[in-house]
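Input: a single structure, listed below in structure tokens.
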Amino acid sequence: MVSLQTNKILISVLQCDGYDFSGYFLFPTKEQYIPFHSFAELVLKLERRLEEIQPLPNQKLRNFPGVADDIPNNADKPLAVSDADTAKKLQNCKARFFLQICFRQHLSWQGKIEYPGENRTESFRSVLELLCLMRKACCENDRLTVEKA
């Protein structure tokens, strides 16, 4: 299992279809993997967690009021970090990386994305650029899987 550092979010992508992803993320302050079913849902859930830790001054809440944080589907409950079934479920993910959000300026995120085991880090200046980096990582992993077969 990849160790989680206090200022980094571990993202495990289980399925990738073009520019849409589904999987789980592990926030440093939580002890469970939280599911997401699209890139937009990932962004909304992460933004909500970031607002809990450090609200942006002089800005209104950027989440939609009344929208449930978790989808009420039994198959998509958060997974416990210490559970053996969790390790099995996340073992065959399409891509795994650390997300470090350094700044939240201009209604977007700026930070770094790190690829464990590859000793590679890339910076992003917006959520859109992050989306492109995540897609690139998933496509590269798919290509490598096909070449090995």
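Position 1 is the first residue of the sequence; numbering continues from there.
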(message) Apply side-chain contact (heavy atoms from CB on, under 4.5 Å) to residues Q110 and F124 and explain how you reach the verdict.
(response) CA-CA 6 Å; Q110 298 80 36; F124 60 91; 5.5 Å; no
(request) Go through the steps to decide whether K45 and E41 satisfy the test salt bridge (charged side-chain N to carboxylate O under 4.0 Å, His left out), and finish with yes or no. (result) CA-CA 6 Å; K45 286 184 174 185; E41 184 180 355; 3.0 Å; yes
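Q100 contributes no side-chain N or O that, together with a main-chain N or O of I9, makes up a donor-acceptor pair within less than 3.5 Å. In this structure, the side chain of E129 engages the main chain of R125 through a donor-acceptor pair within 3.5 Å. Side-chain atoms of R104 come within 3.5 Å of backbone N or O of L50 as a donor-acceptor pair. Put simply, the side chain of S108 gets close to the backbone of V127: a donor and an acceptor are under 3.5 Å apart.
The nearest pair of heavy atoms linking S22 to H37 is CB-CA, 3.9 Å. Considering all non-hydrogen atoms of both residues, K8 and P28 come closest at O-CG, 3.1 Å. Here the closest heavy-atom approach between residue L133 and residue S123 is recorded as CD1-O, 3.8 Å. The two residues E114 and P116 make their nearest non-hydrogen contact at O-CD, 3.4 Å. Heavy atoms only, all atoms of each residue included: F97 and A95 are closest at CE2-CB, 3.8 Å. Closest of all the heavy-atom pairs between F21 and R135 is CZ-N, 3.5 Å.
Between atom CD1 of residue I34 and atom CG of residue L26 there is a gap of 8.0 Å, rounded to the nearest 0.5 Å. How far CD1 of I101 is from CD1 of I113: 10.5 Å, rounded to the nearest 0.5 Å. Atom CD of E122 and atom SG of C132 lie 11.0 Å apart (nearest 0.5 Å). Interatomic distance, L14 CG to C138 SG, rounded to the nearest 0.5 Å: 10.0 Å. The CG atom of L44 lies 11.5 Å from the CZ atom of R49; values are rounded to the nearest 0.5 Å.
A cation-pi arrangement is present between R120 and Y115, with the terminal nitrogen or guanidinium carbon under 6.0 Å from the aromatic centre and inside a 45° cone about the axis.
F25 and F36 have tilted rings, their planes meeting at an angle from 30° to 60° on a 0 to 90° scale.
Looking at heavy atoms from C-beta onward, W109 lies out of side-chain contact with L128 at the 4.5 angstrom threshold. The shortest side-chain heavy-atom distance between L10 and Y33 falls under the 4.5 Å cut-off.
Within 6.0 Å of CD on E31 lie no more than 12 heavy atoms contributed by other residues, nucleotides or ligands.
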